[in-house]
Structures are given as structure tokens and as C-alpha cells.
Amino acid sequence: MIVKTFADFDLKQIAASGQCFRLEEAAPGRFNLLASDRYLEILDMSARQDIPGAEPSRTYGFSCTEQEFEEFWSPYFDLSADYGAVKRLVPERDRYLRNAVSFGGGIRILRQDLWETMVTFLISQQNNIPRIRRCVRLLCENYGNTVIDLSGQTHYGFPGPDKLASVSEDELRNCSLGYRAKYIRKTARDVSDGSLCLEAFRHMDYATAREALMSCYGIGIKVADCICLFALHHIEAFPIDTHIRQVLEREYPKGFPVSDYNGCAGILQQYIFYYELFHSAI
DNA sequence: CTGCAGGCGTGCC
DNA sequence: GGCACGCCTGCA
């Protein structure tokens, strides 16, 4: 286990922010995370002091080697980016956004696996977070590789395109995917037979990637933007769901000032999403 | 019982 | 371009 401290990094907030459905707080201060076939345990070692507006700096123990952390997990959590600089772009007069940023200041935009993100956000349409988690869990338990952790516990990786291409639509429906099963099956088959090349997406700019994603069966504007933001790290992507749409109508009737945020408006979208989900509940 | 949750495809204009 | 409508499922 290695121990590290970071500013603007709070896993509790990230786990609740709805960008990753395989990061969960299994017990207070104990997190489990699966990314494809990798498993990571994270232990919150900071004394939790929830001072409103305080710099969210936290210390965590990670169940991996220094090398794995530097090579995989640090980029995954986007730890080398300066989120303080993003927050400072929010002008004092925008009270709403200042509050949102201070409330969810530990959020970062993860760099998740492209295939996994495509499937989980296909599942997310017309769906709610607990049910999305359940669908993803069933998919992994039924078709994913087993991953054994250091204490001998079994976890399940995310099934790859070849595996899901071999599963019938009816079997997929057993994971309570509903009508989304045919979207996932077709996408899996397209990737598996080579007619859809995921590697190509990595070399595209935002507009090109978005358009290419939207040409996939079952992927529309909202899901394409989520994939651009959470997997391809196009931080200018600003996914608008029914929830965010209501906020924009209420707080920004003249439109969200995208141009104030030189290509990183998507990060602000996450602060807003998290703020709307939880601030009234406290 | 209806309505709806982090939409999208289809058919129509 | 815009706008209906249906779609799986679980939960209020």
C-alpha cells in the first residue's frame, strides 16, 4: 500500500458524481474500484473535516505499487491536472457556480476505459443511478473475468466486446438492460468484427469523436458527450440531460457562458451535476 | 394504477 | 431541421 496526499481530490465526491459506476464506498472511508480488469482498494486516511469552502485536500492509501500508480492510476484520476486553476476561472459574480465549485471541489474527471464507458452510458439512458449500477454489476458478474484481490476475494472485470458479442439479446436482457440490450449487442458485434474501430476514436478531436460516436446504434447527443468527457477526456464536452437542462433554464436563461472556460466547460458541468444532486440533501 | 428516471431510433412533416 | 411516439424496468 502506498500513501499519497492530493489537493482537489475527494473520492467520496467522485464516487457520488455519477461518472463511474464501478467506484463505490464499500464502508466509510473504504473504496473499491474496478477499471476493466484492474482492481484497486483505496483507504481514506485523512481526518474528515467538512469545513465548507475548505481546500479539499485528502490523504489516501492505494493498494498498488508506486509504478502502477504512476503509470495507470494517476492518469486515471487525472491527478496531474490543476483543478484549482479551473475553479479560479469562475467569476465572483456567478454566485451559483462559485457555490457549486466549493461544494464539490474534490471532483475530478476520470479517464475511464472507452469500451466500458460506451456500454455503461448506453445503459444510463432513461435510467437512474442505482439501477445503472445494478445493470453494470450483473453484466460483469455474468460475463466478466474474475479478478482475485490480495485477500482472496473475487471481483469481476468488465466484459470486453468479443465476449458481449457472443451473448444473445435475450441473455443480455437478463441483466435488466431492457430495450438497451440490442444497442449493446450491436455495438459489441460491430467492435468485435472490426467494423467499428475504438482505437480510431483516440486520435479524433472532440467534434469528430462526438459525431463518430453518434453514428453508433443507440448513442445520441447526451451519451456521446458523456463518453467524450469521461473516457476520451474532451473536457469541453458538456452533457445536457433533463436535470442539467432544468438548471440551465433556471440559473442561465441567457445560456451557459461556455466561452469563459476556454475549453473546459465539461468540468464545470460535473460540479453543477454533483451540486444539484446533493446540496439540498444536507 | 399511473408517471417517470442522466435518451434514442423511427417515421413523419 | 423539428416533433411526436414507443421502448424495458423498478420504484413512488
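Quick caveat: nothing in here was measured; it's all calculated off a predicted structure. Chain naming here is simple, since letters A, B, ... match the order of the sequence lines and numbering starts at 1 in each.
- Judged purely by atom type and a 3.5 angstrom limit, A:Thr59 has no side-chain atom pairing as donor or acceptor with the backbone of A:Thr5.
- Every stem involving DNA chain C, taken as at least 3 paired positions in a row under the Watson-Crick or G-U wobble test at 3.5 Å, is listed here: B:2-5 with C:9-12, B:7-13 with C:1-7.
- For A:Phe21 and A:Phe230, the ring centers sit 6.0 Å or farther from each other.
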Does the pair A:Phe238 and A:Leu248 meet the rule for a side-chain contact (heavy atoms from CB on, under 4.5 Å), with working shown? CA-CA 12 Å; A:Phe238 195 103; A:Leu248 295 186; 4.1 Å; yes
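- One atom, CZ of A:Phe278, and another, P of B:dG6, lie 11 Å apart when rounded to the nearest Å.
- Sorted by residue number, the list of members of residues 264-275 of chain A with any non-hydrogen atom under 4.0 Å from DNA chain C is empty.
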Can you check side-chain contact (heavy atoms from CB on, under 4.5 Å) on A:Thr187 and A:Val119, steps first, answer last? CA-CA 8 Å; A:Thr187 308; A:Val119 175; over 6 Å; no
Identify every side-chain donor-acceptor pair in residues 262-276 of chain A under 3.5 Å, counting partners at least two apart or on other chains, and give the distances.
{"residue": "A:Gln269", "atom": "NE2", "partner": "A:Pro239", "partner atom": "O", "Å": "2.9"}
{"residue": "A:Glu276", "atom": "OE2", "partner": "A:Tyr96", "partner atom": "OH", "Å": "2.5"}
{"residue": "A:Glu276", "atom": "OE2", "partner": "A:Arg250", "partner atom": "NH2", "Å": "2.9"}

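- In this view, A:Pro161 and A:Trp115, A:Val191 satisfy the side chain to side chain contact (heavy atoms under 4.5 Å, CB included) rule, not counting sequence neighbours.
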Reading nucleotides 8-13 of chain B 5' to 3', which nucleotides get B (base under 4.0 Å from a protein heavy atom), which S (sugar-phosphate only), which -? SS----
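- Boundaries of the chain A contact region on DNA chain C are C:dC7 to C:dG10, first to last in 5' to 3' order (nucleotide atom under 4.0 Å from a heavy atom).
- The gap from the P atom of C:dC11 to that of B:dC8 amounts to 24 Å, rounded to the nearest Å.
- Scored by the side chain to side chain contact (heavy atoms under 4.5 Å, CB included) test, A:Ala224 finds A:Arg210, A:Leu213, A:Met214, A:Ile219 as partners (sequence neighbours excluded).
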Could you give the side-chain donor-acceptor pairs of residues 123-130 of chain A under 3.5 Å, partners two or more places apart or in another chain?
{"residue": "A:Ser124", "atom": "OG", "partner": "A:Phe121", "partner atom": "O", "Å": "2.9"}
{"residue": "A:Gln125", "atom": "NE2", "partner": "A:Gly218", "partner atom": "O", "Å": "3.1"}
{"residue": "A:Asn127", "atom": "OD1", "partner": "A:Arg131", "partner atom": "NE", "Å": "3.0"}
{"residue": "A:Asn127", "atom": "OD1", "partner": "A:Arg131", "partner atom": "NH2", "Å": "3.4"}
{"residue": "A:Asn127", "atom": "ND2", "partner": "A:Ile123", "partner atom": "O", "Å": "2.9"}
{"residue": "A:Asn128", "atom": "OD1", "partner": "A:Arg131", "partner atom": "N", "Å": "3.1"}

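- Contact annotation for A:Arg180: base contact, defined as any heavy-atom pair under 4.0 Å involving a base atom.
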Begin with the C-alpha distance, continue with both residues' side-chain angles, and end with the deciding distance and a verdict on ring pair (Phe, Tyr, Trp, His ring centres under 6.0 Å) for A:Phe6 and A:Tyr83. CA-CA 11 Å; A:Phe6 298 98; A:Tyr83 281 68; over 10 Å; no
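- At whole-Å resolution of the value, CG in A:Asp225 and P in B:dG7 are 13 Å apart.
- One distance of note links CG of A:Asn142 with CZ of A:Arg137; it measures 10.0 Å at 0.5 Å rounding.
- Taking A:Lys182 as the reference, A:Glu169, A:Tyr179, A:Tyr217 meet the side chain to side chain contact (heavy atoms under 4.5 Å, CB included) condition, with sequence neighbours excluded.
- No hydrogens or angles considered: a donor-acceptor pair under 3.5 Å links the side chains of A:Gln19 and A:Ser17.
- The separation of C:dC3 from B:dG6, taken at their P atoms, amounts to 23 Å, rounded to a whole angstrom.
- Within residues 226-242 of chain A, the residues having any heavy atom closer than 4.0 Å to DNA chain B are, in order of number, A:Cys226, A:Phe230, A:Asp241, A:Thr242.
- As rounded to whole Å, 15 Å separates atom C1' of B:dA5 from atom CZ of A:Arg245.
- Ring to ring, A:Tyr60 and A:Phe9 are close: their centroids are under 6.0 angstrom apart.
- Checked against ring-ring contact (aromatic ring centres under 6.0 Å, His included), A:His155 has the following partners two or more places apart in sequence or in another chain: A:Tyr39.
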Dump the intermediate steps for salt bridge (Lys or Arg N to Asp or Glu O under 4.0 Å) on A:Arg108 and A:Asp10, then the final yes or no. CA-CA 8 Å; A:Arg108 281 171 185 262; A:Asp10 188 327; over 6 Å; no
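- For A:Ser259, there are no side chain to side chain contact (heavy atoms under 4.5 Å, CB included) partners at least two apart in sequence or on another chain.
- When the C1' atom of B:dC4 is taken as reference, atom CD1 of A:Ile129 falls 15 Å away, rounded to whole Å.
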